[in-house]
Structure formats: structure tokens, C-alpha cells
Amino acid sequence: MPEGHTIHRLAGALDAGFGGQRVRVSSPQGRFEEAAQLERWVLARTEAAGKHLLITFTPDAQSDPEGPAARIVHVHLGLYGSWTFAGDPGFALAGAIGAPRLRVGEREEALAGSTRAVESSAGADGSADEDGAEPGWRAILPRPTTRLRLQGVSGLADLTGPTACELYDSSQRDALLQRLGPDPLRADADPQRFVDRVLGSRTTIGALLMNQEVIAGVGNIYRAEVLFRARLDPFVPGRELSAGIVRGIWDDLVPLLRYGARTGRIVTTQPEHRDIEARIVERSRGTLQNGEEHPDAVARERSFYVYHRQTLPCRICGTEIRSRDLAARTVFWCPRCQSVRSRRSPWTAQHPAGPWADPAGQAGDPGGRSDTGDAGPASAAAPAQIA
DNA sequence: ACCGTATGTGAAC
DNA sequence: TTCACCTACGGTG
């Protein structure tokens with residue numbers, strides 16, 4: 001159940017695992033029959049735009065990914081879609097924190113601990129090339145529901161349950177990018193487009209944040225959480241907000257989403273607002289790198305201020321968190337902290353360098369890519385500064 | 001076995 | 001505003 005951070009993370013994982021490679025492309029389930037057209041094409045690059053994933057294939061390594069021969073697979077995970085990775089140790093998520101994982105998108109579990117990964121009896125299934133090299137991994141059997149399988153020399157990725165998995169041409173890609181609002185995780189994002197849309201709308205800020213034409217990539221968790229961090233009532237119409245408040249929401253989302261893309265999990269609570277135990281790393285499932293925070297360091301139940309915390313006391317004031325339908329989804333908020341009366345400048349305005357800053361060398365725009373690439377565990381090192 | 005739920009979207013009413 | 005859709009999993013019977 002992904003928001004935009006997951007899709008950027010996936011884009012990085014697919015590029016790391018298959019980028020530049022000739023790959024096997026199939027639809028074990030049969031519901032994406034166009035997969036056959038791409039069999040043994042080259043996965044040129046993967047791009048995330050909001051919650052949309054665009055995987056560009058070319059017939060050979062020399063072809064221009066922007067050229068007319070390129071084909072694009074458009075994937076939207078919807079509520080249920082997920083990718084499952086299997087392959088060499090660290091495959092696709094090499095450089096990620098902790099152990100290699102399965103099931104990016106909906107849930108992640110340790111590769112070694114998976115009991116669902118049925119190994120094929122023929123180890124040669126893992127071979128994607130014809131050079132006779134023995135793969136160091138074994139292909140798992142696809143579930144019957146696997147819509148799309150990508151298989152390279154060092155691993156595979158299975159897609160199940162997507163809302164969309166279809167072939168796009170470049171004009172369809174352009175139309176999609178045109179339709180979407182700015183994505184805080186993309187280098188080409190224009191925050192002013194978001195600010196202008198919000199300030200010009202009578203719709204509530206809580207609904208606007210869920211509208212992908214207003215801002216791309218925010219989902220139900222980030223909506224609730226960023227509004228709490230701004231101490232903003234979800235039901236305030238956009239036009240009643242100041243430009244500074246709206247820009248502050250954007251500026252807060254950037255490091256929050258980057259953190260999510262980098263670690264694979266959403267954490268929005270300030271350390272001082274978590275319970276004391278939360279600062280203790282209960283257990284370690286891998287070697288920490290460069291003193292980086294282990295993703296398990298913040299237990300899920302301490303990661304949010306309001307999401308799914310209805311009836312629980314607010315972490316700040318103790319008032320009972322409320323929930324209510326807004327824009328077809330349930331919004332969660334603290335009626336006291338997020339009342340109009342207590343509205344103030346967002347948290348980032350006071351603390352420009354929060355704990356969500358990327359550790360040095362961990363993330364940044366590797367250049368040449370249209371997305372920020374911070375999802376990419378294997379993305380090039382470049383210091384990413386928070387404005 | 002069945003039910004409810006889930007970080008989503010878009011078409012139909 | 002309601003509904004259908006794509007899937008997996010935990011709880012309940």
C-alpha cells in the first residue's frame with residue numbers, strides 16, 4: 001500500500017537490479033500479454049512520478065530511451081499492488097539498510113525468512129542469459145497472480161495486484177506527467193504550482209493533499225501526518241491559508257518523503273515526541289552503515305502522530321485523536337493541536353534541519369535522471385540539502 | 001471458509 | 001457519493 005516514496009524507492013531498486021540489462025519479460029498470470037513484446041529488450045531506465053511507475057524498454061542497448069522505438073510500461077500499484085524481489089544477496093536493494101527484503105510495496109519481509117518463496121527445482125531458471133553462467137540465486141516460482149515478471153542475470157522482480165500495468169508510448173507518458181501535480185521527490189517539481197492550486201481552491205486542504213493533480217505522491221498517511229506537523233485543521237479551505245503555510249507543507253514533505261524513499265518506511269514523529277522506548281533499537285537485523293539509523297529503530301506504532309491513532313491520546317496535548325471521512329478516505333487529526341486557533345508556522349520553518357535529513361553520501365540526485373533518485377539504494381552519492 | 005481491512009483510483013450515479 | 005476493481009493476510013467461525 002504505497003505512497004509516492006515507495007514508488008521512488010521501487011524505481012531505484014529496478015534501475016539498480018536491471019538498469020541497462022537485457023531482461024526476460026513475461027506475464028505469468030497472462031493478464032499483461034504485451035509483456036511478450038518486450039521479451040529480451042533492454043530495461044533502459046525507471047522513473048517515478050507521484051504514485052506512478054514508468055519503466056522504459058528499448059530493443060537494444062544502443063537505442064535512445066527517448067526515441068520512437070522505446071516502449072514504456074506504466075504501473076500503478078493501487079491499494080494492493082506490490083513487487084517481490086528475489087536474487088543475489090542484496091539484489092535490487094543493494095546498499096539498502098538491513099537485510100534484503102521481499103515484497104516491496106505492501107510489506108517487506110526478510111528474504112531468508114520467507115516461507116512463501118517456493119524455490120524452483122531447476123536452478124537454471126535463474127539464468128537470464130545464454131552464456132551458461134550459473135546464477136548464484138534461484139528463481140522463485142511466480143504466484144498465479146503475478147501480472148509481470150522481470151528477470152535479469154542477478155535477480156527477478158514480480159508484480160502482483162496493480163491497478164495499472166499497461167504499455168505506454170511517449171505521448172501517454174507526457175500526458176500523465178502533464179496531468180499530475182508537482183512531486184516533491186522529483187527534481188523537476190515546481191512547488192509554486194502546488195501553492196497556487198491550494199490558495200485558489202475552496203476545497204479543504206485535507207482533500208487537496210489527496211488530489212494527485214494538486215500534488216503527486218501524497219497519500220493518506222502523509223496527508224494526515226503533514227497536517228498534524230503543520231498543526232493545520234484538515235477541513236480548512238485552501239484559499240484561507242497563507243502562501244507561507246502552504247509552502248511550509250511542501251518544504252516539510254520533501255525531507256519526509258525522502259526519508260521514506262530511502263528507508264522504505266514512513267516516520268513523521270519527532271524523536272522527542274516518541275515514547276522513550278522508541279529511541280532504543282530493540283533488535284538489529286543487519287549491519288548499520290555509517291552510523292545510520294536502523295529502519296527498525298522507530299517502531300511502527302511510534303512512527304505517526306495521528307494516522308490510525310483515533311481514540312488514542314495526542315502525543316502533544318493528550319486530546320483524543322479523531323477520525324472522519326474526507327475525500328473518500330479516513331483522515332485523522334487532533335482537534336486541539338490542529339484547531340484554527342493554534343495554527344502556526346509549520347515545524348520546518350522553525351527547525352530547517354530535521355532528523356529526516358539524508359545522511360551524508362546516502363542520497364541525492366545522481367544527475368541525468370528526471371527523478372531525484374533518492375529512492376535508489378544504489379543511487380550515486382551526492383549531498384542532498386534541505387532548503 | 002469467510003470476512004474485513006489496507007499507504008488508491010476512476011467510472012457511474 | 002457510491003461502487004468496482006486489483007490482492008494478501010489476519011482474525012473469526
Side-chain angles (χ1 to χ4, degrees), chain A residues 1-10 27-32 48-53 73-84 101-109 113-118 140 142-149 158-166 172 175-176 179-181 183-185 203-204 206-228 234 253 256-261 263-269 295 298 300-301 303-310 323-333 375:
Chain A
M1 286 138 313
E3 300 190 27
H5 69 296
T6 303
I7 311 308
H8 282 263
R9 180 173 173 79
L10 277 167
S27 179
Q29 178 197 51
R31 289 188 54 186
F32 180 51
K51 300 169 190 169
H52 299 257
L53 189 66
V73 175
H74 169 242
V75 173
H76 195 294
L77 293 179
L79 255 182
Y80 320 113
S82 72
W83 288 85
T84 299
R101 289 154 195 278
L102 286 178
R103 206 149 279 297
V104 174
E106 185 171 10
R107 178 174 319 163
E108 297 176 332
E109 55 189 63
S114 171
T115 54
R116 305 198 66 102
V118 182
I140 58 174
R143 288 170 181 251
T145 54
T146 301
R147 185 79 57 88
L148 169 65
R149 163 168 284 200
D158 282 349
L159 169 67
T160 58
T163 282
C165 177
E166 57 196 340
Q172 288 170 296
L176 173 68
R179 174 171 71 81
L180 291 174
D183 174 349
L185 285 179
T203 305
T204 62
L208 287 166
L209 284 171
M210 292 293 276
N211 183 344
Q212 301 299 300
E213 297 180 11
V214 173
I215 183 168
V218 173
N220 208 26
I221 295 180
Y222 282 114
R223 161 176 79 167
E225 294 297 308
V226 81
L227 287 174
F228 179 89
L253 281 168
L256 246 31
L257 284 160
R258 278 190 184 156
Y259 178 92
T263 66
R265 47 179 69 200
I266 302 175
V267 176
T268 61
T269 46
V298 184
R300 182 183 171 88
E301 60 269 25
S303 299
F304 307 139
Y305 282 109
V306 292
Y307 179 75
H308 270 196
R309 296 195 77 241
Q310 70 277 27
S323 66
R324 193 181 133 184
D325 275 3
L326 174 56
R329 310 298 297 282
T330 306
V331 71
F332 307 86
W333 83 104

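Lettering of chains follows the sequences in order, A, B, ..., and the numbering in each one begins at 1.
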Hits for side-chain hydrogen bond (donor to acceptor under 3.5 Å, both in side chains) against Thr203(A), two or more places apart or cross-chain, chain-then-number order -> Ser201(A)
Next item on the list: Ignoring hydrogens and angles, tell me if any N or O in the side chain of Glu225(A) forms a donor-acceptor pair with the backbone of Tyr305(A) under 3.5 Å.
Entry: yes
Residues at least two apart in sequence or cross-chain that pass salt bridge (charged side-chain N to carboxylate O under 4.0 Å, His left out) with Arg147(A), listed by chain then number, are none
Closest non-hydrogen atoms of Asp183(A) and His8(A), given as atom of the first, atom of the second and distance, are OD2-NE2, 2.7 Å
Arg143(A) has its side chain closest, among dC9(C), dA6(B), dT7(C), to dC9(C)
Roughly how far apart, to the nearest Å, are dG10(B) and dA8(C) at atom P?
22 Å
When rounded to whole Å, the CD1 to C1' distance for the pair Ile266(A) and dT7(B) reads 6 Å
- prompt: Is the shortest side-chain N/O distance from Thr145(A) to OP1 or OP2 of dA8(C) below 4.0 Å?
  reply: yes
Whole-Å distance, Leu79(A) CG to dG8(B) C1', equals 4 Å
Given Watson-Crick and G-U pairs under 3.5 Å, DNA chain C in dot-bracket ([ ] crossing, | other strand) is |||||.||||||.
Could you work out the separation of dG13(C) and dT5(B) based on their P atoms and round it to a whole Å?
14 Å
**Request:** Answer with yes or no whether the side chains of Ser323(A) and Gln310(A) bring together a donor and an acceptor at under 3.5 Å.
**Result:** no
Checking Leu208(A), Leu209(A), Val331(A) against Pro234(A) for side-chain contact (heavy atoms from CB on, under 4.5 Å), the one that qualifies is Val331(A)
(message) Contact between Glu3(A) and Ile221(A) at the side-chain level, heavy atoms closer than 4.5 Å - yes or no?
(response) yes
Between CG of Leu326(A) and P of dT7(B) the distance, given in whole Å, is 14 Å
dist Arg9(A):CZ -> Leu53(A):CG (nearest 0.5 Å) comes out at 14.0 Å
Between CG of Leu256(A) and C1' of dT7(B) the distance, given in whole Å, is 14 Å
Between dC5(C) and dC13(B), how far apart are the two P atoms, rounded to whole Å? 13 Å
For nucleotides 9-13 of chain B, list the nitrogen or oxygen atoms of the protein found under 3.5 Å from its nitrogen or oxygen atoms, one pair per line.
unit_1	atom_1	unit_2	atom_2	d
dT9(B)	OP1	His76(A)	NE2	3.3
dT9(B)	OP2	Lys51(A)	NZ	3.0

Between CH2 of Trp83(A) and P of dT7(C) the distance, given in whole Å, is 14 Å
Here the distance between atom C1' of dA8(C) and atom CG of Leu159(A), to the nearest Å, is 14 Å
For Arg329(A), the side-chain contact (heavy atoms from CB on, under 4.5 Å) test, sequence neighbours excluded, returns Leu79(A), Met210(A), Asn220(A), Arg223(A)
Exercise for the section: Determine whether any donor atom in the side chain of Tyr80(A) lies under 3.5 Å from an acceptor atom in the base of dA8(C), or the reverse, and answer yes or no. Expected result: no
Note to self: What's the gap between dA4(C) and dG4(B) when it is taken at their P atoms, as a whole Å value?
What the structure shows: 15 Å
Contact check, residues 220-228 of chain A vs DNA chain B, heavy-atom distance under 4.0 Å, returns Asn220(A), Ile221(A)
- Query: Between the side chain of Lys51(A) and the main-chain N/O of Val218(A), is any donor-acceptor distance below 3.5 Å?
  - Reply: yes
Gln29(A) atom CD is separated from dC5(C) atom C1', nearest whole Å, by 13 Å
Inset, instruction - Check the surroundings of atom CZ in Arg179(A): do more than 12 heavy atoms from other residues, nucleotides or ligands lie under 6.0 Å from it? - result: yes
Report task. Ignoring hydrogens and angles, tell me if any N or O in the side chain of Thr263(A) forms a donor-acceptor pair with the backbone of Arg265(A) under 3.5 Å. Result -> yes
note: Phe332(A), atom CZ; dT7(B), atom P; distance rounded to Å ~ 7 Å
